[in-house]
Structures are given as C-alpha cells and as structure tokens.
There are 2 protein chains.
Amino acid sequence: MEKGKKIPAATIFRLSVYRQHLLEMRKQGRRTVSSLELASAARVNPAQLRKDLSYFGRFGVRGVGYSVDGLLQEISTILGLRRPWNLCVLGGGKVGRAIIVSGHLEQRGYFVEAVFDSRPEIIGHSIGPGLVVEDIRGAGMSLPQKEVFLCMITEEVPDLNGCVHRLLDAGIRGFLSLVPVSASIPPTIPVQYMDFTTLLDTLAYTLTHGVNRGGPDFLEGEPVTTEKPPMGACLV
Amino acid sequence: MEKGKKIPAATIFRLSVYRQHLLEMRKQGRRTVSSLELASAARVNPAQLRKDLSYFGRFGVRGVGYSVDGLLQEISTILGLRRPWNLCVLGGGKVGRAIIVSGHLEQRGYFVEAVFDSRPEIIGHSIGPGLVVEDIRGAGMSLPQKEVFLCMITEEVPDLNGCVHRLLDAGIRGFLSLVPVSASIPPTIPVQYMDFTTLLDTLAYTLTHGVNRGGPDFLEGEPVTTEKPPMGACLV
DNA sequence: ACTTGTGAAACAATTCACAGCA
DNA sequence: TGCTGTGAATTGTTTCACAAGT
C-alpha cells in the first residue's frame with residue numbers, strides 16, 4: 001500500500017472503469033477475477049491495474065485474484081460511491097431532457113433533483129416524473145435543502161457565467177459541462193468538460209494520418225502515429 | 001519543428017481545444033493572439049501550447065504571436081478538418097435524436113448522413129430533415145456510396161457486437177461510443193469512449209476527499225489529492 | 001522589448017520483473 | 001503453481017529557461 005503519495009488523476013478514471021466492468025461481471029454471476037482478466041476488459045496492462053489498486057490497499061489474494069463483489073465495494077468506497085449523489089442540470093433543452101429521461105444517470109447512482117434554465121420559453125416545461133424546469137434565479141432557494149452538490153451543464157444558456165455563479169452560491173461544488181464555461185470558477189471547484197466534437201476531431205486526425213491501412217485512401221502528408229489506442233482527455 | 005517523433009495523443013486533443021478557442025476568437029474579430037493568451041483560454045501552460053505546435057511546424061512570429069486565422073487554418077489542416085466529415089449514428093433513441101437535432105455536430109463540420117438501429121419499433125422513425133432510422137442490416141447497402149467513415153454509438157441496442165461488425169463491413173473506420181463496446185474491433189480502428197458517469201465518478205471522488213475546503217462537510221478518510229484540475233480520460 | 005521555438009531538465013506515469021504468499 | 005503487490009527501470013510528458021528572430 002503506497003501511502004501519502006499523490007494519486008494520478010488517470011488512476012481515478014480507471015478505477016471508475018474497473019468498477020463498471022465489475023458491476024457487469026457481478027451481474028453475470030462471476031465470483032472472482034484476476035488482474036489479467038479485469039485489466040483486459042478495461043483495456044489496460046495488468047500491472048497498471050494492480051498498481052492503481054496498490055495506492056489504496058491490498059484487495060487481492062495471491063495465487064487467486066480478487067473477489068468481484070469485494071473489489072466492487074472497495075472501489076466504491078474509494079470513489080465515494082457508497083451513497084447516492086444528487087445532481088442538478090443546467091439547460092432544459094432537448095439534450096438535457098434526453099440525458100435525464102434516458103435513465104443512465106440513475107442507473108449509476110446519480111439522481112437529478114432539479115433542472116434550471118435562464119430562458120423564459122423553457123422554464124416551466126415538464127420533464128419526466130415530477131421534474132419541471134425552474135428559473136435559475138430560484139436556485140438559491142430550491143437547491144440548498146436538497147443536498148445537491150453536482151451540476152451537469154448541457155448546453156449554452158443566456159448568461160451562462162451568471163448562472164454558474166448562482167449555482168456556486170447555491171452550494172454546487174462540482175461541474176460536468178458539455179460546453180465551455182469561461183466563468184471564473186474558483187480553482188477549488190472541480191470542473192470536467194466533455195465534448196463530442198473534440199473526440200471526433202481526434203478520430204478525424206487518426207483517419208487522416210493513415211494509422212488505418214486498408215481503408216479508403218485518405219492519405220495526406222507523411223504518416224504520423226499517436227502512440228496508443230487514443231486515450232481521451234475531455235477538456236475544453 | 002520536431003520531426004519523425006511520436007505525437008502524444010494529449011497533444012492532438014489540445015490542438016482540437018485550441019482550435020475551438022481560435023474559432024471563438026475569430027468570431028469576435030481578433031486578428032492575433034499570443035501563446036500566453038491562447039494557452040490561458042485553454043487552461044494550459046504556454047510552453048505546452050508552443051511545444052504542441054512545434055511538433056508540426058513554426059506558425060508564429062517572434063515578438064508578435066500567432067495570426068488567429070492562420071493558426072486556425074494550420075490546426076485544421078493538421079487535424080484533417082479542412083473537409084467535412086460524414087457520420088452515421090447507431091441508436092435512434094432519445095439521446096441519439098437529441099444529439100442530432102441539437103445541431104452541435106454540423107456546427108463543427110460533422111454531418112449525420114444515416115441513423116441505424118436494430119430495434120423494429122425504432123426503425124422507420126423520422127428524425128429532422130430527411131433522416132429516417134434505418135435497419136442496421138441495410139448498412140452495407142446504404143453507407144458505402146455516402147462516404148461515411150465515422151460512427152457515433154449513442155446507446156445499447158440489441159446485438160451491439162453484430163451491429164458494429166456490420167458497420168465495419170460497411171466501411172466505418174472510427175467509432176465514438178457513449179456505451180462500452182465489447183466487440184472485437186481490430187486494433188487499427190480507433191475507438192473513443194465518452195461516459196458521463198465516469199466523469200461524475202471523478203467529481204464524486206474529488207468532493208469526497210475534501211479537495212474542496214469550505215463546502216458542506218463530507219470528509220471521509222484522510223484527504224488524498226489528485227495533482228491537477230482533474231483532467232479526464234474518456235475511457236470505458 | 002517582446003514573444004516564439006526548442007534543447008535540456010524535471011517530473012510523472014507505465015511497465016517490468018520478481019519476491020512473497022496462498 | 002499461480003497470481004498479487006511493489007521497488008526499480010523504463011518510457012513518456014511537461015515545464016523551464018534561454019537563444020534567436022522581429
């Protein structure tokens with residue numbers, strides 16, 4: 001068990017990925033799993049998986065492997081996922097509504113407790129079970145009693161910066177955004193960006209620079225390679 | 001200009017991010033920009049930006065900076081974005097439809113030319129202008145004449161593996177998926193994964209381990225720090 | 001005076017390889 | 001024998017610091 005060391009951010013991501021595969025394995029009735037097996041499901045080197053876990057403790061049995069359920073509990077504890085997390089959504093348009101009603105978030109323990117917008121024509125729309133798009137100006141009233149610390153920003157809304165600051169005032173402590181936020185968010189507040197088109201751009205780059213031999217021919221310039229199965233940084 | 005060197009995947013991502021900010025700056029009429037300015041918009045170190053560009057050439061003027069429009073052209077060329085890219089979507093459910101009609105993709109040069117599904121109850125649905133959800137079994141007939149090399153997978157559909165292989169046969173050479181794909185995709189085919197909940201998990205970790213002092217108190221265990229503004233790897 | 005471009009240095013992450021234990 | 005856990009070696013990435021150009 002490595003102690004006092006800095007945990008690479010990439011380790012935390014991989015932990016979430018391992019957890020996803022463990023959930024799947026448990027659903028299929030698997031009792032134990034080796035680092036080799038779990039690592040290949042997650043497409044990483046087995047030593048990487050063991051090193052990732054070693055930052056937090058010793059969870060396996062030599063010669064045997066890991067208990068699927070046991071490791072799941074451990075990783076959930078590490079990530080802080082032994083409790084439900086409430087969420088609010090900024091942006092009550094089509095994309096926001098689709099993500100909410102798709103049920104993906106609930107499946108993974110994230111519960112949408114409020115949806116906000118700054119556009120009068122969107123405010124008041126009903127979304128799924130007992131959810132109505134609220135005026136962002138009411139966030140300060142509605143959020144604090146709901147224990148909501150995370151916000152997902154789904155689209156550009158008028159005065160995005162102002163909205164973000166209202167949410168900060170209302171107790172939001174972390175953001176996942178599908179759009180760039182130029183607001184001056186204090187550096188203590190984690191913000192994750194996720195952008196479809198940035199990832200598509202990396203695919204375009206890869207296809208353009210002939211890492212794929214054998215497809216239709218779009219070779220331009222000399223081949224340049226990106227070292228790995230391209231691993232994505234969801235920045236904006 | 002560094003030549004013959006391997007380009008870090010992270011560099012390619014950042015190039016796409018720089019491009020986004022340059023597009024915004026050009027829209028606002030900016031003519032030139034320094035590495036300091038562009039780097040701070042993209043939240044990276046200025047030396048990082050210059051190093052990223054130096055893999056591909058010398059695009060700036062010492063003492064002056066970069067031409068916004070010139071650099072935009074250069075980065076677009078590097079990424080292979082001087083042409084439109086056609087896209088197909090696998091998964092004609094709510095999430096897929098919302099992403100398509102939101103117009104984000106078109107704005108960035110990605111055009112949805114076909115939508116497929118394997119669920120009879122979804123096939124035939126109309127989506128926006130002249131788009132109808134097609135049976136995945138027809139992909140081999142419909143795609144090749146459309147010059148579509150990229151596919152976005154928006155949800156789990158029945159026989160996902162089979163669908164993916166049909167798409168490969170139909171000429172698809174890169175995937176962006178919102179769900180895990182266990183299909184044996186040849187390693188020459190780039191696959192990018194994007195998962196909301198993995199990113200939320202990293203936020204949950206950060207909030208759980210008190211990197212945020214001053215919020216509501218959810219301290220459990222001793223504080224562990226992740227080195228940076230958490231930077232996301234969109235793996236699954 | 002100011003800003004780029006880039007070797008060299010510093011830092012970080014991954015992988016190896018094997019000791020240690022069931 | 002088989003698989004974990006981990007220090008050491010390797011590999012990769014970022015940042016520094018300054019020469020060079022305008």
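Naming convention: chains lettered A, B, ... in sequence-line order (proteins, then strands); numbering from 1 in each chain.
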Atom [atom1] of [X] to atom [atom2] of [N]: distance rounded to whole Å?
X	N	atom1	atom2	result
L36(B)	dT15(D)	CG	P	14 Å
L38(A)	dG5(D)	CG	C1'	16 Å
I7(B)	dT14(D)	CD1	C1'	15 Å
Q48(A)	dT4(D)	CD	P	15 Å
F59(B)	dG5(C)	CZ	P	8 Å
F56(A)	dT4(D)	CZ	C1'	18 Å
E37(A)	dG2(D)	CD	P	15 Å
D52(B)	dT4(C)	CG	C1'	14 Å

Salt-bridge present (R30(A), D69(A); N to O < 4.0 Å): no
Please check the phosphate of dG5(C) (OP1 and OP2 only) for any side-chain N or O of Y66(B) closer than 4.0 Å. yes
With respect to the phosphate group of dT3(C), does any side-chain polar atom (N or O) of S35(B) fall under 4.0 Å of OP1 or OP2? no
Closest heavy-atom pair and its distance - G174(A), L203(B): C-CD1, 4.4 Å
Residues two or more places apart in sequence or in another chain: which of them pass side-chain hydrogen bond (donor to acceptor under 3.5 Å, both in side chains) with E106(A)? none
Contacts of E24(A) meeting side-chain hydrogen bond (donor to acceptor under 3.5 Å, both in side chains) (sequence neighbours excluded), chain-then-number -> Q28(A)
Tested for side-chain contact (heavy atoms from CB on, under 4.5 Å) against L90(B), the lone hit among T154(B), V181(B), L160(B) is L160(B)
Would one find more than 12 heavy atoms of other residues, nucleotides or ligands at under 6.0 Å from atom CD of Q73(B)? yes
Nucleic acid footprint by protein, nucleotides 16-22 of chain D - heavy-atom cut-off 4.0 Å, B for base, S for sugar-phosphate alone: BB-BBBS
